[in-house]
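Step one of this worksheet: look at the structure below.
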Amino acid sequence: MSLNSSRRVFLKSSALAGLVFGAAPRSLMRSVYASGTGTRRKTMVVIFKRGACDGLNTVIPYADPGYAKGRPSIAIPAPGGGRQGAALDLDGHFGLHPALDELLPLYKQGQLGIVHAVGSPDLTRSHFDAQDFMESGTPGIKSTADGWMNRCSGSLGTTDSKFRAVALTKTLPQILRGSSKAVALARLDDFQVHEDIEMSEGRGMALGRRGRRRRELEGPVAETSPSPKGTPSESSSAFERLYADAANDLLGNAGRETFEAIEALQAADPTKYAPRTGVTYPRGRLGDSMKQMAQLIKADLGVELAFVDVGGWDHHTAEGSSTGQLANLLRQLGGSMAAFHRDLGDSMNDVVVMTMTEFGRTVRENGNRGTDHGHGGVSFVLGGPVKGGRVYGRFPKLSEENLFEGRDLPVTTDFRDLTAEVLARHMGLADLKSVFPNYEIKPSSFPGILKS
Amino acid sequence: MTKRASRSRSALATAVALQLAFGGSTPAVNASPGVPSDDAAVIHVLSRLTFGVKPGDVDRVRQAGLGAWVDAQLGPATSEDKALAGRLAGIETLSMSTAELREKYEIPPNVRQAIQRVRAEREAGMEKAKAKKEPGATDDAGATNDDDSPMARRAEREEMMKRFPEMARIEGRPQQVIFDLQAAKVLRAVYAERQLEELMVDFWFNHFNVFARKGPIEYMVGEYERTIRANALGKFEDLLVATAKSPAMLFYLDNWQSTDPNFDPRALRAQQGGRNRRPGAGERGPAPRRPGRPGETMEPAGMGRPAEADTAMTSPQPPRRTFGINENYARELMELHTLGVDGGYTQADVVEVAKAFTGWTILGEGPGGPRQNKESRFSFEEARHVKGDKKVLGVTVKNGGEKEGLEILRRLAAHPKTAAFVAGKLVRRFVADAPPASLVQRAAATFEKTGGDIRETLRVVVTSEEFLGTSFRAAKVKTPLEFVVSSLRATSAEVRNARDLSTRISDMGMPLYLQQPPTGYKDSAEEWISTSALLERMNFALDLSAGRVRGVRLDVSKLGGSTATLELVAAQLLPGGLSEKSKKTLEDEVSKPGGEPTRVVGLVLGSPEFQRR
C-alpha cells in the first residue's frame, strides 16, 4: 500500500475514534466499551488491601534516585548486580518486590497490568475515612450509606443469580452494601443450617455434616434418625419461614437472601470443583478465599461482582524490605492471584481482578523503619482482557517539589477512572453516573489498561 | 427523672399484682391487649442495661423497683461478686501481671524468627509453596496460620528447647493468654451481677481499642482492661489518662517509639545513670558492635539473618538509624478518643500533639524495646522528649515535659466536641443506631457540666424518655457477643469452658480483643447483619439448644419440660414477644412429631426477634 493511502486510512480511523468517544449515543457507547458482545458473563474481583499498602515497596521505582535516598533501611535493592532480595525488573524503571515473583510471568505474558500513583482525591489520612470513601465511591462525602459495587449490581440489569454480588467475608463490607442483594459468604463448604447429627469427638461435627449432606444429595435418606430431634430440612425450613415473615428491614431481608443463597449453593455444589491440577493456593485467609472464589465462578453461579479483603498493611514500624512484614503479605497476595489465574485457565478471559488500597505510604521512611500514611498507591489489574506488561499512570520524579506536602507520592490517577474503565469496558456498564455520582466519567481519563 | 418515667415506675408497682410469664404458669407477655405493658418497660430496660434478660430477672427488679435497680447498677459496687470470682478463679493467667505473663508465655523474638524459618523450610519442603505468614498475624480468635497439630507442636518445641535454653521457662501455649482473656469476657458477660459495668467496660475497651495480636500487647491487655474497669463509670479524663499511659496503648499506636529526631542515646544513658540498664533502646542509636564474623553484614533486626547468629540472648544489634516522631497516637487520640473525626483539629495539631507525647514510653526498654524487657510499665523519658512550647488547637502548651501531655489530655477531655462525641456514642449504644439528637445534646451538656462524669452522663441517658419510652424498643441489633451471651442467659446455660463460644462469636464477625483498627467495632446493625453472620447465628442457636456447643450445658427442663407450651418457652426466651406470624410458624413446628422444646428453643433463639434488643 502506498504511503499516502495508509496515512489516509489512519486518519479515517482516528476520526472515527473521535466520533465514538465524543457524542455517541448510549447504546453505541455500551457496545464499544464491552469487550466482546457475547452473552458470557463477565466477572470483576476486587481485592482490598486494608491498612494502606506501601506502593513504593510493592512496585519499586528503582531508577529514581529519590527512592533509595528516602529509605536508607527499607529500600529494595535495584535489580542486577546479583544482589540478594533485589527488585524484579519490569521495564527498566520499575521493579516488582521480590516476594511478588509469582506475578512476574503474568506481567510478562501481558495478563497483568499495573497502575501506579493511583488513589483517592480526598486528602484524608484516616484509614477508616479513606476506606469508607473508596468503598462508597464518593470521596469526601461521609453520608453515603451504600457502596459502589452494590450500585453496579443495580445497573447490571436483571439476573436470576443469587450470587451476582458476593463477598468472601464474615460480614458484608460497605462496598457491597445497598439496595441490591449481596451475599456475604465465609465458607463455601458450610453455608447451610446445620443438620441434627450427634457430635462426635474432635472434628466430627464437620465431617458428619458433609457426610450427611452427600448422602442426601445422592438420593432419599434410607435411615431415619433414631433421635426425637427434627430432621435437618425441618429446622432449615422453619427458619426460612420465620425470616420469610419477618419485617422488610435489614434483618428480614438478609434472612430471606440467606435461604435463597443456600438453595442456589446446594444446587450448584461449587465445592466439587477442586483446583486445577498443580495449582496450590497459599495458606492463609486470602489464598483460601481466592480458591473459593474460583469455585463459585466455575460452578456457574452467576458471580459478577466479587470481593475479598486482606488486612495488616499498616506498617508504621519495621516494615521490612526484601524480607519482613510487607514481604510476607505480598507473597500471599502474589501467590493467591497467580493461583487463581492458573486455576481459572481460559475462564480468565471473562474475569478481571483489581486490587485497591485506601492510600499509599510516605516516600521517606520514618524513624521506626516504617512508613506513615501517604497518598498515591499501586493497583494490580489481572485478567484476559488486560493489556498487561506495562505500568500505567503518570509517575512523577520523586523530588521534594513533586511530592504532595513534600512527603507523599501524589495521586495522578483517580481510582474511579481506573474502576470505571473496568466497569465500562469489561463489565459493559453504560450507566456509570449512578455508580460514581458527583464525578464525571470520561473515557479519555481511563488509564487504557484494558484491551478495547 | 421525667414525669413520664416516674409515672411508669408507679404503674409498674401496681402491675406487680398482675405479673406474668417468668417461671409462672400464666401466659406470655402481651397476651392481654389493653393492659399497659410496663412489664415490657422493665424487660426493655433489662435488655438494654444487661447482656440479656435471665429468667427471674423481672422478679428481682420488681422487688427492688426499676429505678432502684438502675441506681444500683450505676452506683459503685457494694459487695464482692463471689459467684463470678469463683467462675474466674480457675483461669490462672487472669491474675498475672504483664511481667509474669511475658515471663511465662512470651517467646523471645529471635526464637520466634527461628521458628518462622523452620516452619517455612518445612512448608517449602512439603508443599513447595512459598507462602509464609508471621505466627499470629491477623486472623480470628486463635486461628493463626501455624500448623497446630500436637505432634508438630511438640517436635517444634523440642527443637527450640535444644537451640534456645531460655525456652525452658515458657510454660504455656502461646495462644493461652488470648484464649483466657476471651473466655473471661464471655463469663463476665454471662454471670456478672454488675451487668451495666460489664457493658461499660466493653464500651470503653471498644472506644479505646487495642489489637491483642500486635507485638506483646496480648500480655498487656489484662492490666489494660483492669485499668478501664476501674474507671468505666468514673471521670472520663481519668480514663483517658489511664489509657494514654497504658503500655498496651503506647505500643498499639506506636507512641512508645515516638522520639525527638535529635535524640542522643548517650543522654538517656546519662539520665538513667546508676540504674544499671542496658544502653540504648535496641531499635535506636549506635549500639556496641558485636565482633562480626568475616563476611557478615549488619542487617537491621528482624531481617532474615543466618541461623547461627540467633544464638545471642538478645536481638541482634541494629546499625545506627535515625529517630523520629510518630504521629499515630496523636491522630487517633483526637480522631477516635476525644474530639471525633470532625473535631476541627488540623494536621499541624497532630504534629504538635505528637511532639508533646514524645517520651511517653514503656519502661526499661532493653535492646529490642519492650519485647525484651518484661516490666512493661509507663515511663516518661525526658531525653526522648521534644522540648519547647507547642501550639495545639490554637492554645499554647508551655514547655513542661510530661506535663504537656497531661495538659493536652485535660483540654481534650474538657472540649465540647469530646462531650458531643462521647455522648453520641453512648446514646447510640443504649438507644438506637440513629441517636436522637436532643438526647445526645442533653447528655453532652451533662458531660460538660460534670467535668466528664460518665456515671452522671449515663444516668441522663437511661432515665430519659427516649430510653424508657416505646419509640426505640427492639431498635438495636445485638452484636455477636450480645447475641451469644443473651442466649446463654435466657436459657440459664452452664458454661464450663468458653473456648467454643469465643470461636463462634468470632465466626459471627467479632473476634474478641482482635479487632485490628483503632476504631474498634462499629456500633450499627449493618456491621453485623449479613447472610454469613445470620447463618452462624441460626446454627449457633440450634447447636446450643441441642447441646452441641462444647463446654456449655443446657438444662432444657428449666424451660418448662416436655409439657411446656410454646408460649411459655417463647416467653422465657423472648420476653419482648414473638410476632403473630412467628408464633404460627413455631406452633406448627411444635405440633409436628418430635417438636420438643429443645428444637423450639433453638428456633426462638435464632429467630429475627431474638436478634434484637
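Quick note on labels: first sequence line is chain A, next is B, and so on, each numbered from 1. When reading the values below, keep in mind they use all heavy atoms of this one structure, side chains included, and skip hydrogens, waters and symmetry mates. All values reported here derive from a predicted model rather than from experimental measurement.
Of the atoms belonging to B:E526, heavy atoms from both backbone and side chain fall under 4.5 Å from chain A. Proximity to chain A (any heavy atom under 4.5 Å) is restricted, for B:Q347, to the side chain, taken from C-beta onward. Interface residue B:L534: only side-chain heavy atoms are found under 4.5 Å from chain A. The contact between B:S607 and chain A is made by backbone and side chain atoms together, counting heavy-atom distances below 4.5 Å.
Judged by distance alone, with hydrogens and angles left aside, the side-chain atoms of A:T171 form no donor-acceptor pair with the main-chain N or O of B:W528 at under 3.5 Å. No side-chain donor-acceptor contact under 3.5 Å links A:D245 to the backbone of B:S582.
Ranked by heavy-atom pairs under 4.5 Å with chain B, the first of A:A254, A:A261, A:G255, A:A184 is A:A184.
Residues satisfying the side-chain hydrogen bond (donor to acceptor under 3.5 Å, both in side chains) criterion with A:D372, sequence neighbours excluded, are A:H316, A:N366. In this view, B:K478 satisfies the salt bridge (Lys or Arg N to Asp or Glu O under 4.0 Å) rule with no residue, not counting sequence neighbours.
The residues A:R241 and B:E587 are annotated as not salt-bridged, no charged nitrogen and carboxylate oxygen being separated by less than 4.0 angstrom. A salt bridge is defined here as a Lys NZ or Arg NE, NH1 or NH2 lying under 4.0 Å from an Asp or Glu carboxylate O, and B:R612 with A:D249 meets this definition. Using a cutoff of 4.0 Å between basic side-chain nitrogens and carboxylate oxygens, B:D507 and A:R187 are not scored as salt-bridged. Remark: B:E335 does not engage A:R125 in a salt bridge, criterion side-chain N to carboxylate O under 4.0 Å.
Side chains of A:S235 and B:R599: a donor on one and an acceptor on the other come within 3.5 Å.
Contact check for B:R537 versus A:F239: no side-chain heavy atoms found under the 4.5 Å cut-off.
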